[in-house]
Student: 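Below is one structure. I have some questions about it.
Because the structure is a prediction, the values reported are computed rather than measured.
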Amino acid sequence: MSMACNPPVFIISADRSLHGLRTVACLGDGYSVALEWHKSYLGVSNWELYYNLYWSSYKSDVFTEGPKFVVSADTLSTTIRGGFKPGDIYYFAVKGTAHERGTLEFDFLPQPDGLRMYPEAALRESITPTDLIIPLDDASLFTPTGIIQIGAELIGYSSVDYVDNNLILQNINQRGLYGYEPRLHTPDGYDGIRTYSNPFVRIWKGFEDQNNAIGLEEIKFEDQYARTNADGYRERVDIITGSANLDVIDAANAGFPAYDQAGWDRTHMADYLAGKCVGTYFGGEYGCADGYETVGGIRGLGVQDHQNMREEYLLELTGRPVMLLKRMWKGKQSRHFDSTRENTAYRGIDTFGTSLVTGYEQYFNPRRSDGKILVRFGPTKEDYKREDPGIENVFIPNCWTLVTPTIRDGDVIIRFNMDGTEEWRYEILDVERNDALLQESGLQKFTAARVRKTDPIYQFRVIRDTSMFPTELLTSVGMVAGPGGIPAHLHRLVVNEGIMSVAQINQTTSIEQGHNHDIINGVVQNRLGHFHDLIL
């Protein structure tokens, strides 16, 4: 084996951009990436050209993690399959590399998934600068002869003892190839001078060109909807409001003592305020029979009930009935979104300005026959502003409503004129919830911003009055077969007695299996690759 000290010369074209990686593209199956690169040239004849392929999920680690695969000189494109997580972004690079002729037994390198790779193993014992045996934990993948790298030292070996997992050196001159000095090496990566972060013994990657071209690509499925093989259709929980449980329990404070309010002569004040029957006329009698000492009434104040009754009565006098559209924060993600483009203002026909299929569910208030909720709009100044797109209407009222139903930022309310026609649709902003006595919630305060009438939310079809809603319909059973599909299910919907034909039905179904369907002129729209029929 020769002892050349100078690396080979790579000939690079005048345009240095035509060197290294040319293109990288995900093939849309969730695990395959196609690479293409520019041809490299060697300026010497006694060296052989190969290409080292690099990739990492972190740009800074593309080259430090070492080459993942190596391909021959006559290959200028290949496909990497496996090892990727759908939805993540990866960085790729290709470097031309030169090995002195006869030092790399390319055809003996391990070949997982059709691509050759440099084998590596851990050093089993420490070696001195004069040792001719390199003990490894596993030498089964190493080529019969070759050059290995340990830290900064290159060592040529002449044979492999596959039984005892040793690399055999022919003589001491095989230590310190290409100007590297023989050194001590320990299993933790220390070589007598420094400790390397990568302590493994690996087949040397050769002398590489100096291009630093890096390309990035997202691993994704080119399916109609975002999905993965493991999880099926991708479901997303909004990072801000996706958690339904807003309570926090501090276990460290759970053991503090309580006041003694038990016994025949001590009555818990909270029982008075909650309206429980405590054997006293304090607070009077209200409501239905409690089965204790009275028939037809419950004794006590019942602060929460009284609070809600008074607020509802006040809203009946000063509030406005509005329709509530509750935004979906968990469900089937639209096919128009991926991990690098999740702008919720997409103007699509299936999301209505959100990133989820259908995006909203109409709320029907069970306390009112028309299905609306009551909202008090405070006095608000209406203004016009001249913006670059034109004149903008500014109207952001302060509002409040009852403790139920719970509203969130992003929900939409529809306000109506006195004659029952739709006025504007408002997006709910900055919800504040009051705490009342006894761990109960008080009224909800919020601001609401008018939504432009060109916004997709105006295409969401709603029922304006549910006062004639006695009928519940079912859809036929639908499903998406196969791994990660959607189990068999059906949806429910309620229609008005005034509906005389199926073609008059324009609304959305209930949410089942994390999604719902909009119905246009009596036809249940196809969503997530399946559809339903109405059962009459």
Student: Give the intermediate values and the outcome of salt bridge (charged side-chain N to carboxylate O under 4.0 Å, His left out) for residues K326 and E361.
Tutor: CA-CA 5 Å; K326 298 182 72 66; E361 179 185 18; over 6 Å; no
Student: Evaluate the side-chain proximity of V412 to I428: yes if any heavy-atom separation is below 4.5 Å, no if none is.
Tutor: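 The answer is no; the side chains never approach within 4.5 Å.
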Student: So, using ring pair (Phe, Tyr, Trp, His ring centres under 6.0 Å) as the criterion, who are the partners of F69 when residues are at least two apart?
Tutor: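 F69: no ring pair (Phe, Tyr, Trp, His ring centres under 6.0 Å) contacts found.
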Student: Within this structure, what is the CD1-CZ distance for the pair I193 and R183, rounded to the nearest 0.5 Å?
Tutor: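 Interatomic distance, I193 CD1 to R183 CZ, rounded to 0.5 Å: 3.5 Å.
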Student: How many angstroms lie between atom OG1 of T143 and atom CD of E105, to the nearest 0.5 angstrom?
Tutor: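 One gets 5.0 Å once the value is rounded to the nearest 0.5 Å.
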Student: Which pair of non-hydrogen atoms, one from D137 and one from A121, has the smallest distance, and what is that distance?
Tutor: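 Where D137 meets A121 most closely, the heavy atoms are OD1-CB, 3.3 Å.
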Student: Could you tell me if the side chain of I133 sits less than 4.5 Å from the side chain of I168, heavy atoms only?
Tutor: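 A side-chain contact exists here, since the closest heavy-atom pair is under 4.5 Å.
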Student: Scan residues 65-83 for pairs that pass salt bridge (charged side-chain N to carboxylate O under 4.0 Å, His left out), counting only residues two or more places apart or in two chains.
Tutor: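 Every salt bridge (charged side-chain N to carboxylate O under 4.0 Å, His left out) pair that includes a residue of residues 65-83, provided the two are not neighbours, is E65-K68.
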Student: side-chain contact (heavy atoms from CB on, under 4.5 Å) between V462 and Q507: does it pass, once the steps are laid out?
Tutor: CA-CA 6 Å; V462 298; Q507 61 189 86; over 6 Å; no
Student: Would you mind listing every salt bridge (charged side-chain N to carboxylate O under 4.0 Å, His left out) that reaches into residues 192-202, with sequence neighbours excluded?
Tutor: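 Found E120-R202.
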Student: If you measure from CG on L490 to CD on Q513, what distance do you get to the nearest 0.5 Å?
Tutor: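 Going from the CG atom of L490 to the CD atom of Q513 covers 10.0 Å.
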Student: Measuring from E218:CD to C26:SG, what's the distance to the nearest 0.5 Å?
Tutor: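 Spacing of CD (E218) from SG (C26) equals 8.0 Å.
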Student: side-chain contact (heavy atoms from CB on, under 4.5 Å) between Y458 and V451: does it pass, once the steps are laid out?
Tutor: CA-CA 9 Å; Y458 279 90; V451 181; 4.1 Å; yes
Student: Let me know which of Y50, W47, F207, W204 forms a side chain to side chain contact (heavy atoms under 4.5 Å, CB included) with T97.
Tutor: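 One option only clears the test, and that one is Y50.
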Student: Can you say whether the rings of Y118 and H99 are parallel (under 30°), tilted (30 to 60°) or perpendicular (over 60°)?
Tutor: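 Aromatic pair Y118/H99 classed tilted.
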Student: Checking F142 now: which residues fulfil ring pair (Phe, Tyr, Trp, His ring centres under 6.0 Å) with it, not counting sequence neighbours?
Tutor: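 Once residues adjacent in sequence are excluded, F142 has no partner under the ring pair (Phe, Tyr, Trp, His ring centres under 6.0 Å) criterion.
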Student: Taking side-chain hydrogen bond (donor to acceptor under 3.5 Å, both in side chains) as the criterion, tell me which of N166, D164, N165 meets it with R124.
Tutor: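 Option passing the side-chain hydrogen bond (donor to acceptor under 3.5 Å, both in side chains) with R124: N166.
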Student: Can you confirm whether E125 sits close enough to P187 that some side-chain heavy atom of one is under 4.5 Å from a side-chain heavy atom of the other?
Tutor: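 E125 does not reach P187 side chain to side chain.
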Student: Are L53 and V71 packed together at the side-chain level, in the sense that at least one heavy-atom pair is separated by less than 4.5 angstrom?
Tutor: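 Contact flag for L53/V71 side chains = yes.
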Student: Is the shortest side-chain heavy-atom distance between I172 and L132 below 4.5 Å?
Tutor: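 Side-chain contact under 4.5 Å: yes.
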Student: Considering all heavy atoms of both residues, which atom of D409 and which atom of W329 are nearest to each other, and what is their separation?
Tutor: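 Of all heavy-atom pairs spanning D409 and W329, the closest is O-CZ2, 3.1 Å.
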Student: Can you find a pair of side-chain heavy atoms, one from Q149 and one from F200, that are under 4.5 Å apart?
Tutor: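 No - every pair of side-chain heavy atoms lies 4.5 Å or more apart.
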Student: Could you check whether any side-chain heavy atom of T79 comes within less than 4.5 Å of a side-chain heavy atom of L115, counting everything from C-beta outward?
Tutor: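 In short, these two side chains do not touch, never coming nearer than 4.5 Å.
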Student: How long is the span from the OG1 atom in T406 to the CD atom in Q444, to the nearest 0.5 Å?
Tutor: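 The distance works out to 5.5 Å.
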Student: Parallel, tilted or perpendicular, judged at 30° and 60°: which one describes the rings of Y360 and F460?
Tutor: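 If you compare the ring of Y360 with that of F460, the planes turn out perpendicular.
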Student: According to the salt bridge (charged side-chain N to carboxylate O under 4.0 Å, His left out) rule, which pairs have a member within residues 138-161, sequence neighbours left out?
Tutor: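 Those involving residues 138-161 are E153-R175.
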Student: Among residues at least two apart in sequence or on other chains, which ones pass side-chain hydrogen bond (donor to acceptor under 3.5 Å, both in side chains) with T128?
Tutor: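 By the side-chain hydrogen bond (donor to acceptor under 3.5 Å, both in side chains) rule, T128 matches T130, D131.
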Student: Compute whether any side-chain donor of one residue and acceptor of the other, for R527 and N516, lie under 3.5 angstrom apart.
Tutor: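 No - no donor-acceptor pair under 3.5 Å links their side chains.
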Student: Quick one, H532 and H530 - any side-chain contact, counting heavy atoms below 4.5 Å?
Tutor: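 Contact flag for H532/H530 side chains = yes.
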Student: Taking it one step at a time, do V523 and F531 satisfy side-chain contact (heavy atoms from CB on, under 4.5 Å)?
Tutor: CA-CA 10 Å; V523 179; F531 62 91; over 6 Å; no
Student: Calculate, to the nearest 0.5 Å, the distance between atoms CD1 and CZ belonging to I396 and R450 respectively.
Tutor: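 Those atoms lie 10.5 Å apart.
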Student: Return yes when atom CD of E36 has more than 12 non-hydrogen atoms of other residues, nucleotides or ligands closer than 6.0 Å, and no otherwise.
Tutor: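 More than 12 within 6.0 Å, yes.
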